[in-house]
Amino acid sequence: MSERFTILKKEGLAKRGRFETVHGVIETPVFMNVGTVAAIKGAVSTEDLERIGTQVELSNTYHLHVRPGDDKIKALGGLHKFMSWNKPILTDSGGFQVFSLASLRKIKEEGVYFASHIDGRKIFMGPEESMRIQSNLASTIAMAFDECPNSKAERKYVEDSVARTTRWLERCKAEMTRLNSLDDTINKDQLLFGINQGAIFPDIRIEHAKRISELDLPGYAIGGLAVGETHEEMYEIIEKTVPYLPSDKPVYLMGVGTPVNILEAVERGVDFFDCVYPTRNGRHAHLYTNFGKINLMNAKYELDDSPIEEGCKCPTCQRYSRAYIRHLLKAKEMLGMRLCVLHNLYFYNNLMTEIRDALDKGCFAEFKKNKISSMMHEE
RNA sequence: GUGGGUAUGGCGCAGUUGGCUAGCGCGCCAGAUUGUGGCUCUGGAGGCCGUGGGUUCGAGUCCCAUUACCCACC
């Protein structure tokens, strides 16, 4: 075992932790920066990531498999070398993409048949394929291949789907163990995180959590949330599920979320996060600040000479004004997106730093209350 | 100066042989977006149809005049 999760401090269910990996230490709670195709969208380099305090980069198995091909990345020495990033990388299994992007998919016991969204060619992906791809990519943490059922799916469908996801997880573990023992495997210490499913049925979630906890994996994720249910339903599921996952392992809430979602989830015991919001919203001029979200495309910023947020330490706010960035966005200059994405990622990374500081000092509850009230306040 | 053309929300345009609350794209404003297809979607505000007359039950559409701009020619 190469990894170690140490809980440094607790406040209620909230944990201040440290996750040690072969690629370095991850201080938790952490927000992983999403770079699906081994690139943070918006012309952000790994050099930039170092500058804005990124701890973990997240890439995607499905996307890298269809282009450029995981075999090529392996030939080039693995994802770390390929993209020149030596800190931890988490790869998502491709399970979610198979359901959200691919068309003509057919789910079977062995895996999923579907058509590539790039060129339409037929692809098969099952637990073993996903593990092999992720092993080729040589990420720090590999995610289990799961099915993410629709949030409105009927109980019977979810039960069957979750049972299959459990069987898939056992196959993932066996395959990962095998791959990690092979001589030509780049990262023989690759870690596998299991994924809890069950839509919004608490009892299915709990049963599944108990079941996968027996597999004694280095970490566990809660998947299938923030896909259409209300915030209240999401918080309720987190609250009811986390107690049935191993208390000495990190919990990762997949694809979530807004700054408020993160604060609420940390309070309920979540340690890892990722979300496309800071990057996607950055590309669309929606910027996060401590006084709420602003849309820089609004006409009122045309002559605004101030930075996105007064006092912000991000590379963008150090030099550029709202009026200038707005102009770049209007002119569709790539630099506009880049500056916005840098600001948003810095904001998220910094939010996590503040959360960890508050946990260290034992004042998370108060920090959370003040932060939310500040962000609800409009400029 | 002569001939021709165009004038419709901030910009670019549609508006059938005159007929019901004048449309569209962009822009503007406000939302949505949660294990990313550099998107997409949903609302909203904004026009006395260049100006003045006329014909008609009824004119953005027809007639006259006038103004501005564009193109040719002198």
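In what follows, chains are A, B, ... by sequence order, proteins preceding strands, each numbered from 1.
For N281(A), the listed nucleotide lying nearest its side chain is U33(B); candidates were G38(B), U33(B), G35(B). For H63(A), taking side-chain heavy atoms from C-beta onward, the closest of the listed nucleotides G37(B), U33(B), G35(B) is G37(B). Side-chain atoms of H286(A) lie closest to U33(B) of the nucleotides U33(B), G38(B), U34(B). Distances from the side chain of K293(A) to the nucleotides U34(B), A32(B), G35(B) place A32(B) closest. Residue R283(A) places its side chain closer to G38(B) than to any other of A30(B), G35(B), G38(B).
Remark: P of G38(B) and CE of M334(A) are 13 Å apart, rounded to the nearest angstrom. To the nearest angstrom, P of G38(B) lies 17 Å from CE of M297(A). When rounded to the nearest whole Å, the span between CD of E302(A) and P of G10(B) equals 16 Å. Atom P of nucleotide U34(B) and atom CE of M234(A) are separated by 12 Å, given to the nearest angstrom. In this structure, F96(A) atom CZ and U34(B) atom C1' are separated by 8 Å, rounded to whole Å. The distance from atom CD1 of I294(A) to atom P of A30(B) is 11 Å, rounded to the nearest whole Å. Atoms CG (L192(A)) and P (G35(B)) sit 20 Å apart, rounded to a whole Å. Between N295(A) atom CG and G43(B) atom P the separation is 19 Å, expressed in whole Å.
A salt bridge links K210(A) with E207(A); the closest basic N to acidic carboxylate O contact falls under 4.0 Å. Using a cut-off of 4.0 Å between Lys/Arg side-chain N and Asp/Glu carboxylate O, E170(A) and R211(A) are scored as salt-bridged. Salt bridge annotation for E236(A)-K240(A): present, with a cationic side-chain nitrogen under 4.0 angstrom from a carboxylate oxygen. Salt-bridge annotation for E11(A) and R16(A): absent, with no side-chain N of the basic residue lying under 4.0 Å from a carboxylate O of the acidic one.
Within 4.0 Å (heavy atoms only), N60(A) reaches sugar-phosphate atoms of the nucleic acid but no base atom. At the heavy-atom level, L253(A) lies nowhere under 4.0 Å from the strands shown. Among the protein residues, G224(A) comes within range of the nucleic acid bases, having at least one heavy atom under 4.0 Å from a base atom.
Comparing the P positions of G15(B) and U61(B) gives an interatomic distance of 14 Å, to the nearest angstrom. With C1' as the reference atom, C41(B) and G52(B) are 47 Å apart, rounded to whole Å. Comparing the P positions of G18(B) and G60(B) gives a spacing of 13 Å, expressed to the nearest Å. Comparing the C1' positions of U56(B) and G19(B) gives an interatomic distance of 12 Å, to the nearest angstrom. Between G43(B) and U67(B), the distance separating the two P atoms is 47 Å to the nearest Å. For the C1' atoms, the distance from A45(B) to G3(B) is 44 Å, rounded to whole Å. C49(B) sits 10 Å from G9(B) when the P atoms are compared, rounded to a whole Å. Nucleotides G23(B) and U55(B) are separated by 29 Å at their P atoms, to the nearest Å.
Pairs of residues two or more places apart, or lying in two chains, that qualify as salt bridge (Lys or Arg N to Asp or Glu O under 4.0 Å) and include a residue from residues 344-354 of chain A are E354(A)-K371(A). Within the structure, every pair that satisfies the salt bridge (Lys or Arg N to Asp or Glu O under 4.0 Å) test and touches residues 74-87 of chain A, not counting sequence neighbours, is listed here: K74(A)-D184(A). The list of side chain to side chain donor-acceptor pair (under 3.5 Å) pairs with a residue in residues 332-345 of chain A, not counting sequence neighbours, reads D48(A)-R338(A). Sequence neighbours left out, the pairs with a member in residues 147-166 of chain A that pass salt bridge (Lys or Arg N to Asp or Glu O under 4.0 Å) are E147(A)-R164(A), R155(A)-E159(A), R155(A)-D203(A), K156(A)-D160(A).
Residues forming a salt bridge (charged side-chain N to carboxylate O under 4.0 Å, His left out) with R319(A) (at least two apart in sequence, or on another chain): none. Remark: D71(A) pairs with no residue by the side chain to side chain contact (heavy atoms under 4.5 Å, CB included) rule, at least two apart or across chains. With sequence neighbours left out, the side-chain hydrogen bond (donor to acceptor under 3.5 Å, both in side chains) criterion links E109(A) to R167(A).
Near RNA chain B, meaning a heavy atom under 4.0 Å away, the residues from residues 133-148 of chain A are D146(A), C148(A). Across residues 35-51 of chain A, T36(A), K41(A), G42(A), A43(A) each have a non-hydrogen atom less than 4.0 Å from an atom of RNA chain B (numbered order).
Applying the 6.0 Å contact sphere to CD of E47(A) captures no more than 12 heavy atoms from other residues, nucleotides or ligands.
For H231(A) against U34(B), a side-chain-to-base donor-acceptor contact under 3.5 Å is present.
I206(A) belongs to a hydrophobic cluster whose remaining members, ordered by chain and number, are Y244(A); membership requires side-chain heavy atoms of ILVMFWY residues under 4.5 Å apart, directly or through intermediates. Here V162(A) is tied into one hydrophobic group with V158(A), F201(A), I204(A), each link being a pair of ILVMFWY side chains closer than 4.5 Å.
For RNA chain B, runs of at least 3 consecutive pairs of the Watson-Crick or G-U wobble type, with both hydrogen-bonding distances under 3.5 angstrom, map to B:1-7 with B:67-73, B:10-13 with B:23-26, B:28-32 with B:40-44, B:50-54 with B:62-66.
In terms of phosphate contacts, Y277(A) brings a side-chain nitrogen or oxygen within less than 4.0 Å of OP1 or OP2 of U33(B). Phosphate contact (OP1/OP2 of A30(B), side-chain N/O of N298(A), threshold under 4.0 Å): present.
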